[in-house]
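Presented below is the structure to which this report refers.
Hydrogens, waters and symmetry mates play no part in the numbers below; they use all other heavy atoms, side chains included. Chain letters run A, B, ... following the sequence lines, proteins first and then strands; every chain starts at 1.
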Amino acid sequence: MVGVVGIELHVPDIERELAELVRQIPRGRVTTYRALAEALGDPGAARFVGEWLMGPGAEGLPVHRVVHASGDVGRFAFGTWEEKANLLSAEGVQVVGRRVSPLPRYFFWDFKGSRPLAALRAEQEELSRKAIISPLPPVERVAGLDVAYRDGVAVAALVLCEKDGEALDFVTAEVPVRFPYIPTYLTWRELPCYLAAIRKAEEAGLRADVYLVDGNGILHPRRIGIATHLGVILDLPTVGVAKRRLCGEVNTEGMVVGEWRPVVLEGDTVGAAVRTGRNRTLFVSPGHRADLESSVELTLSLVREHPLPEPLRWAHELAGEAASLF
DNA sequence: GCGACAG
DNA sequence: ATCTTGTCGC
Ligand SMILES: [Mg+2]
């Protein structure tokens, strides 16, 4: 048995935390998107902060007090940049042209919060030590996992294929979206939906020898992308297959179809850039109970006409289809 | 303006 | 990821 019953992932309410932080900015002061991201626990979340403050969830919050690190007032979700500048001026913040000046005089950074992303990073650091990198076991059946979205709902598809790529069966599962997309924290956005799909597959008697996941394995700053995370918590062989590069260095110039080159991160080979189509490069990395060579070999063995390995091509297709029916 | 972080 | 018809490029 896979043993997914009972396995859950704690997902922090990062949007509520962000709202609490924005409320802390005093009248007459400003902060930056980056400072808020750091208060959430990771400056890499600055883009998420900006997107969220521009959305409907930020209504009623003093979002006009959040500006660019350059001092530029930037955009305003509930009006023009001029209106944002006027609101700041009315609060005693000097705005020259489009810029808060001097920014240091008004800069607020002393946020009180739980830094949720730092806690998630700690979980990753802890779990990544449990990842086992070894050749894949003999493979007869392969599963592909992907997620599609529609209004606040995440729909995962798990497709079971023969080792030659022939699709056998599939299940889909829906779960409310509880976490945004923040680079290196994809696990908290998509793993709950994968767990629901694997649970349903188990009930339906669908079992695979290895699971291909749309995302990374150890090709990750902390060596624990979603494929590795899934593999470790369920102790399943997993392989990560991403369509774009998250981190690491590799030169993909002049690659030919079927060729692969190592992706190096901090001196470690953590994955491979694999040319699967005339103009298509995938980023393959071991998840758990897999190594780079067997992961690349498996991926290439499952590529037919489409540049994605068949289980993932079907999972993408079926998740999108199921989401559109919602 | 350029570079640019999975989904 | 999502919004979306035909279209330009490798
Ligand atoms: Mg996906």
Test: A:Glu82 and A:Lys84 ion pair at under 4.0 Å: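 So A:Glu82 does not pair with A:Lys84 through a salt bridge.
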Original post:
Are any of the side-chain nitrogens in A:Arg23 or A:Glu20 under 4.0 Å away from the carboxylate oxygens of its partner?
Top reply: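 Between A:Glu20 and A:Arg23 there is a salt bridge, with a charged N closer than 4.0 Å to a carboxylate O.
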Which part of the nucleic acid does A:Tyr185 contact within heavy-atom distance under 4.0 Å: base, sugar-phosphate only, or nothing?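 Base, at least one base atom sits under 4.0 Å.
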Base, sugar-phosphate, or nothing: which does A:Ile182 touch, judged by heavy atoms less than 4.0 Å apart?
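No contact.
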To the nearest angstrom, how far is [X] atom [atom1] from [N] atom [atom2]?
{"X": "A:Leu212", "N": "B:dG7", "atom1": "CG", "atom2": "P", "result": "14 Å"}
{"X": "A:His220", "N": "B:dC5", "atom1": "NE2", "atom2": "C1'", "result": "10 Å"}
{"X": "A:Asp146", "N": "C:dT2", "atom1": "CG", "atom2": "P", "result": "9 Å"}
{"X": "A:Arg189", "N": "C:dT2", "atom1": "CZ", "atom2": "P", "result": "9 Å"}
{"X": "A:Arg178", "N": "B:dG7", "atom1": "CZ", "atom2": "C1'", "result": "17 Å"}
{"X": "A:Tyr149", "N": "C:dA1", "atom1": "OH", "atom2": "C1'", "result": "7 Å"}
{"X": "A:Gln124", "N": "B:dC5", "atom1": "CD", "atom2": "C1'", "result": "14 Å"}
{"X": "A:Tyr194", "N": "C:dA1", "atom1": "OH", "atom2": "P", "result": "10 Å"}

Under 3.5 Å, is there a donor-acceptor pair linking the side chains of A:Asn86 and A:Ser89?
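The answer is no; no qualifying pair exists.
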Could you tell me if A:Arg98 sits above the aromatic ring of A:Trp81, with its cationic atom closer than 6.0 Å to the ring centre and no more than 45 degrees from the axis?
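Verdict for A:Trp81: a cation-pi partner in A:Arg98.
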On the nucleotide [N], are OP1 or OP2 found under 4.0 Å from the side-chain N or O atoms that [X] carries?
{"X": "A:Arg244", "N": "B:dG7", "value": "yes"}
{"X": "A:Lys243", "N": "B:dG7", "value": "yes"}
{"X": "A:Arg245", "N": "B:dC5", "value": "yes"}

- Hey, which of these two, A:Ala323 or A:Asn279, hits DNA chain C nearer its 5' end, going by closest nucleotide?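 Between the two, 5'-proximity favours A:Ala323.
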* What is the distance from atom CZ of A:Arg141 to atom OH of A:Tyr211, rounded to the nearest 0.5 Å? ->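 Spacing of CZ (A:Arg141) from OH (A:Tyr211) equals 11.0 Å.
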Counting side-chain heavy atoms from CB outward, which of C:dT2, B:dG7, B:dC5 is closest to A:Ala148?
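Side chain of A:Ala148 sits closest to C:dT2.
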